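Single-structure report; data block below.
Labels below follow one simple rule: chain letters A, B, ... track the order of the sequence lines, proteins then strands, and each chain is numbered from 1. All values below were derived from every heavy atom in this structure, side-chain atoms included, with hydrogens, water molecules and symmetry-related copies excluded. Everything quoted here is computed from the prediction, not taken from an experiment.
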There are 2 protein chains.
Amino acid sequence: MKVKRIHQIENYLKNKQEASLEELKDHFNVSLNTIRRDINELTKSSTIKKVYGGVVYTKDNQVTEAFEDRNVSHLEEKRKIGQHCAQFIKQHDIVYLDSGTTTHFVLDLLDKEIEFTLITNSLEVINKAVKFQNVTLIVIGETYKRSTKSFTGISDDQTINKFNINKAFMSATAFSIDNGASNSDLLENRIKKLICDRVQDIYLLIDDTKFGKTSLYTYCNLEDIHTIVTNNGVAQAYVKPIEKSKTKLILL
Amino acid sequence: MKVKRIHQIENYLKNKQEASLEELKDHFNVSLNTIRRDINELTKSSTIKKVYGGVVYTKDNQVTEAFEDRNVSHLEEKRKIGQHCAQFIKQHDIVYLDSGTTTHFVLDLLDKEIEFTLITNSLEVINKAVKFQNVTLIVIGETYKRSTKSFTGISDDQTINKFNINKAFMSATAFSIDNGASNSDLLENRIKKLICDRVQDIYLLIDDTKFGKTSLYTYCNLEDIHTIVTNNGVAQAYVKPIEKSKTKLILL
DNA sequence: TATATTTTGATTAACTTTTGATAATTTATA
DNA sequence: TATAAATTATCAAAAGTTAATCAAAATATA
């Protein structure tokens with residue numbers, strides 16, 4: 001009985017963040033005394049703090065955007081790569097911005113006056129894009145995937161196929177001369193493939209650590225990529241073949 | 001409870017941006033002296049600044065929901081209505097949360113442990129829902145509409161029709177006994193209608209100012225609504241007919 | 001079933017917060 | 001600069017909270 005109630009109290013506090021002892025007494029129909037004893041036990045084991053007259057649940061509830069960025073590797077390279085691509089978006093473009101930790105930076109330096117259509121499946125891109133008054137924002141994908149902060153899973157290919165996209169800014173888990181741009185998630189791969197099949201200019205935004213690797217599913221080959229934007233540090237073994245191809249290489 | 005009041009003061013200021021000490025004294029029913037002491041504590045921990053005769057909330061760098069809430073009328077009623085509905089969401093429910101300024105509050109007091117599927121077209125709901133680890137989050141609608149912060153326009157009705165939703169928490173521009181729940185945007189109306197045609201239990205979350213009015217398009221009639229949740233202040237002229245109907249009425 | 005153990009609620013004394021009053025000081029502005 | 005209003009500091013009374021004690025009730029164990 002007691003253990004069960006203590007657990008319930010913990011849950012109650014998790015949701016409400018804070019509560020007075022009076023409130024808990026009424027809610028759990030026990031005496032103030034009992035609540036006190038329960039709270040005494042809880043404060044030992046849980047992240048609950050006692051304050052005069054009540055309790056507060058202390059656990060970092062808010063993870064800020066900046067905090068999330070802190071765990072991104074090669075952040076500054078990615079920022080540079082993304083921001084460099086802002087210049088490629090022109091008036092009346094129909095643009096696809098991929099999910100990932102690089103592509104959303106494209107919007108950071110983008111002129112707020114440009115009118116264009118932005119198609120994306122990335123929640124980070126969506127939240128940055130809503131601030132652009134002249135952007136027509138379209139989301140594709142249905143089911144939210146926490147690990148990539150993107151909406152994956154599309155009900156039918158027609159949803160994507162009806163858009164005439166002229167520029168796509170893509171991310172990738174890996175890139176190699178032979179296997180092109182690849183990633184590891186099947187649902188995401190399906191969207192990437194559908195986009196790349198339809199778009200005129202594919203921009204691949206990857207930092208130098210992605211080169212010479214291959215992930216599970218290829219979604220696009222080297223010859224289909226219009227421009228690769230990356231940071232300086234790519235080995236000559238990869239630079240040479242790209243320079244021989246018709247794909248443009250930008251080293252930042 | 002001191003801690004609770006201080007927290008409430010902080011929230012109050014987040015919404016109002018600024019307040020005089022007199023105003024705070026009246027709102028929280030404590031002495032000026034106590035408010036002063038509370039403010040002193042708050043200025044240490046929060047982004048609140050003391051000015052002569054009052055306090056101001058200095059806008060923080062994160063995009064807070066509170067900032068957006070600033071211009072919402074009847075905010076406290078809406079918060080109460082939304083938060084009250086948290087209890088209706090149970091394990092394994094498939095829930096639709098409508099766009100609007102009330103419905104997203106449902107998530108504020110919701111148990112983070114409950115596993116359920118959440119379908120929505122509201123960006124505010126999406127951004128609150130991503131913090132729930134046990135929620136399967138599905139977005140419907142494609143094109144972002146700034147005025148309602150929601151995704152409207154769906155490529156085909158099948159997208160919605162494939163979900164078996166059992167509870168829908170709906171907002172409305174207006175509600176009347178004869179014309180039911182109505183709103184003014186055609187694209188939004190289409191989604192609302194599709195949802196209401198398929199869902200088992202329709203909860204209508206509206207503040208008292210919406211009663212006795214009719215907007216352009218009706219999406220749902222009184223007899224189809226399971227429960228109306230509103231604040232106390234609804235005229236008897238509307239309360240009586242609802243109580244006679246099979247629709248439940250909750251006055252907060 | 002009887003007995004030990006735990007949990008509970010009532011009581012109360014010790015303690016903390018809140019309050020309002022007063023007086024001295026600071027601040028805004030006419 | 002004068003004046004009114006706001007602020008700070010201090011204090012003691014009032015109100016609310018806590019922790020300790022103890023007996024009754026519930027529960028577990030022999």
Side-chain angles (χ1 to χ4, degrees), chain A residues 1-62, chain B residues 1-60 66-67 70 75-77 79-80 83-84 86-87 108-109 111 113 232 252:
Chain A
M1 299 302 106
K2 191 185 162 194
V3 180
K4 195 174 174 186
R5 188 185 54 238
I6 288 184
H7 210 249
Q8 284 174 327
I9 292 175
E10 190 179 9
N11 250 325
Y12 185 87
L13 289 173
K14 231 187 218 173
N15 300 325
K16 288 210 72 170
Q17 301 291 315
E18 57 191 25
S20 68
L21 296 193
E22 274 290 318
E23 182 186 340
L24 291 170
K25 179 203 85 171
D26 293 341
H27 191 265
F28 291 98
N29 259 306
V30 286
S31 73
L32 252 184
N33 233 321
T34 303
I35 287 292
R36 276 220 166 79
R37 281 184 272 241
D38 288 351
I39 293 300
N40 275 343
E41 286 211 27
L42 264 175
T43 45
K44 283 174 204 160
S45 62
S46 177
T47 54
I48 280 164
K49 263 192 190 167
K50 187 76 196 67
V51 294
Y52 193 80
V55 262
V56 286
Y57 190 89
T58 58
K59 203 171 194 180
D60 300 355
N61 36 349
Q62 286 176 333
Chain B
M1 199 180 154
K2 193 180 152 199
V3 177
K4 205 167 187 175
R5 189 185 54 239
I6 289 183
H7 204 230
Q8 284 172 335
I9 292 174
E10 189 179 7
N11 264 323
Y12 184 87
L13 289 173
K14 247 188 205 169
N15 294 328
K16 288 210 67 173
Q17 297 291 307
E18 55 186 35
S20 69
L21 296 193
E22 275 290 318
E23 182 186 342
L24 290 171
K25 180 201 86 172
D26 293 341
H27 190 265
F28 291 97
N29 259 306
V30 288
S31 73
L32 248 185
N33 241 326
T34 301
I35 286 291
R36 265 188 230 291
R37 282 182 269 241
D38 288 351
I39 293 300
N40 275 343
E41 285 211 29
L42 263 176
T43 45
K44 282 175 205 159
S45 62
S46 178
T47 54
I48 279 163
K49 265 190 188 168
K50 186 78 196 67
V51 295
Y52 194 76
V55 260
V56 286
Y57 191 89
T58 58
K59 77 175 149 181
D60 36 12
F67 186 79
R70 210 172 32 161
L75 181 65
E76 284 316 312
E77 285 83 3
R79 190 193 306 274
K80 215 165 155 191
Q83 291 185 346
H84 181 83
Q87 61 186 289
D108 283 4
L109 286 190
D111 187 347
E113 304 298 315
N232 216 324
L252 297 172

Taken to the nearest whole Å, NZ/Lys4(B) to C1'/dT18(C) is 18 Å
Asn29(B) atom CG is separated from dA15(D) atom C1', nearest whole Å, by 16 Å
| Hey, are the side chains of Leu24(A) and Val55(A) touching, using non-hydrogen atoms and a 4.5 Å cut-off? | yes
In short, Val56(A) meets Val3(B) closest at the heavy-atom pair CG1-CG1, 3.6 Å
Of all heavy-atom pairs linking Arg5(A) and Asp38(A), the shortest is NE-OD2, 2.5 Å
Exercise. Over 60° means perpendicular and under 30° means parallel, so classify the ring planes of His27(A) and Tyr12(A), tilted if in between.
Key: tilted
In 5'-to-3' order, the base (B), backbone-only (S) or no-contact (-) status of each nucleotide in nucleotides 2-9 of chain D, using a 4.0 angstrom heavy-atom cut-off, is ---BBBB-
OH of Tyr57(A) to CD1 of Ile9(A), rounded to nearest 0.5 Å, is 13.5 Å
Atom NZ of Lys25(A) and atom P of dG9(C) are separated, to the nearest Å, by 11 Å
From CD1 of Ile39(A) across to P of dT17(D) the rounded distance in Å is 14 Å
Taken to the nearest 0.5 Å, the spacing of Asn33(B) CG from Leu21(B) CG works out to 10.5 Å
Quiz item: Got a sec: does the NZ of Lys80(B) have more than 12 other heavy atoms crowding it under 6.0 Å?
Solution: no
What are the atom names and distances for every N/O pair under 3.5 Å that joins the protein to nucleotides 3-7 of chain C?
none

Whole-Å distance, Ile35(A) CD1 to dT17(D) P, equals 14 Å
For this session: Mark yes or no for whether Lys25(A), through its side chain, and Asn29(A), through its backbone, hold a donor-acceptor pair below 3.5 Å.
Result: no
